[in-house]
Amino acid sequence: MEPRRALMASGLLLLSVVGAGLCNARRPGDVLDPEVAGVSVLLEHSFEFDDSVRYKKRGTLLWRPGRENSLTLSQMQLTEDERVKLRDMAGTDGLYRIRIPRKLGSESSTLDYVSSFVRICALVESHLSDVITVNTDVSGNIIGVSIVTIPGSCNGAEVEDVDLEVFNTTVHLMQPVLAAAPETAAFIERLEHEQAQKAKNPQEQKSFIAKYTTLDDQTSDSSNFLLKRAAVIAVSSLHISWLFKHSPH
């Protein structure tokens with residue numbers, strides 16, 4: 001019985017070690033890697049009758065930079081008062097504004113924002129179908145945001161209250177694409193290979209002047225021949241002219 005109990009105890013010990021390895025090792029308060037947990041970006045909107053700007057939370061953008069580099073949006077449903085307000089403002093040619101902070105994870109109360117806007121009538125007639133694009137630089141800093149509606153026209157169409165309950169939003173993340181770097185290593189390797197080949201065959205090493213010396217000589221000989229021939233023709237012409245003048249008629 002003792003060996004059996006010892007074997008059972010060792011099996012339980014092994015199971016507890018494996019189970020500890022499978023559980024989440026993150027303790028409360030630990031900071032997650034942004035590439036794994038993502039970065040939350042607050043999305044706010046504003047639409048007022050007097051064209052004033054009073055932003056309220058519309059939703060949250062979740063940006064997972066790094067290898068996945070995805071952008072998703074979770075947003076709240078509009079209240080009944082907000083739906084009525086949007087329909088009433090559609091006939092006033094008002095503006096619907098959005099904004100997001102430029103600095104991520106900042107705890108300052110005075111943040112810098114990037115913003116964009118569309119006509120409220122276009123947003124209402126699109127049944128809250130919009131496309132939001134977030135622009136970043138090479139380093140991943142937010143530099144701009146834009147919003148467009150699909151379709152983007154205002155035709156005065158009637159819209160039911162049920163069509164303004166939930167946003168139908170598509171989000172895009174636009175980042176600059178780095179140009180391809182020159183292949184300097186391959187170029188240097190080719191130059192070294194050519195120099196090594198020239199070192200093995202020194203007789204084939206000719207300078208630019210040496211390559212064209214023969215051609216220059218041939219050109220010079222041809223020029224001298226043409227000059228001599230032209231001189232002979234000129235002398236012959238003068239002689240013929242003199243004979244013609246002094247010949248008896």
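Note that the numbering runs from 1 along the sequence shown for the chain.
By the 4.5 Å heavy-atom criterion applied to side chains, L173 and T136 are counted as neighbours. Looking at heavy atoms from C-beta onward, S115 lies in side-chain contact with Y55 at the 4.5 angstrom threshold. Side-chain contact between D137 and Q175: absent, with no pair of heavy atoms (C-beta onward) separated by less than 4.5 Å.
Among residues two or more places apart in sequence or in another chain, the side chain to side chain donor-acceptor pair (under 3.5 Å) test is passed with H45 by Y96. In terms of the side chain to side chain donor-acceptor pair (under 3.5 Å) criterion, E189 has no residue partners (sequence neighbours excluded).
Formation of a donor-acceptor pair under 3.5 Å by the S139 side chain with backbone atoms of N141 is not found in this model. Listed for the R97 side chain is no donor-acceptor partner under 3.5 Å among the backbone atoms of V53. Proximity of a side-chain donor or acceptor of Q195 to a complementary backbone N or O of E192 within less than 3.5 Å is not detected. Although no hydrogens or angles enter the test, the distance criterion places a donor-acceptor pair under 3.5 Å between the side chain of S46 and the main chain of R54. Panel note: side chain N155, backbone A157; no donor-acceptor pair is recorded below 3.5 Å.
Within 6.0 Å of atom CD in E158, 12 or fewer heavy atoms from other residues, nucleotides or ligands are found, so the atom counts as exposed in its surroundings. Residue F117 places its CZ atom among 12 or fewer non-hydrogen atoms of other residues, nucleotides or ligands, all under 6.0 Å distant. Within a 6.0 Å radius of CE in M76, more than 12 heavy atoms belonging to other residues, nucleotides or ligands are found. Shown here is E160, whose CD atom has no more than 12 heavy atoms of other residues, nucleotides or ligands within 6.0 Å.
Taking each heavy atom of M89 and T92 in turn, the nearest pair found is O-OG1, 2.7 Å. Across all non-hydrogen atoms, the minimal contact from H127 to L164 is CA-CD2, 4.5 Å. Minimum heavy-atom separation, E125 to V159: CA-CG2, 4.0 Å. A pairwise comparison of heavy atoms in T169 and Q75 identifies OG1-NE2, 3.0 Å as the closest pair. Closest approach of P151 and S126 over heavy atoms only: O-CB, 3.8 Å. Nearest heavy atom pair, residue D163 against residue L128, reads O-CG, 4.2 Å.
None of T60, L42, I142 except one satisfies the side-chain contact (heavy atoms from CB on, under 4.5 Å) rule with I100; the exception is I142.
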Given the rule in the salt bridge (charged side-chain N to carboxylate O under 4.0 Å, His left out) test, do K85 and D161 qualify, once you have shown the distances and angles that lead to the verdict?
-> CA-CA 11 Å; K85 186 178 180 180; D161 186 71; over 6 Å; no

Evaluate side chain to side chain contact (heavy atoms under 4.5 Å, CB included) for R102 paired with Y113, printing each intermediate quantity in order.
-> CA-CA 5 Å; R102 292 184 58 188; Y113 293 89; 5.7 Å; no

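A salt bridge does not link K57 with E44: none of the charged nitrogens is closer than 4.0 Å to a carboxylate oxygen.
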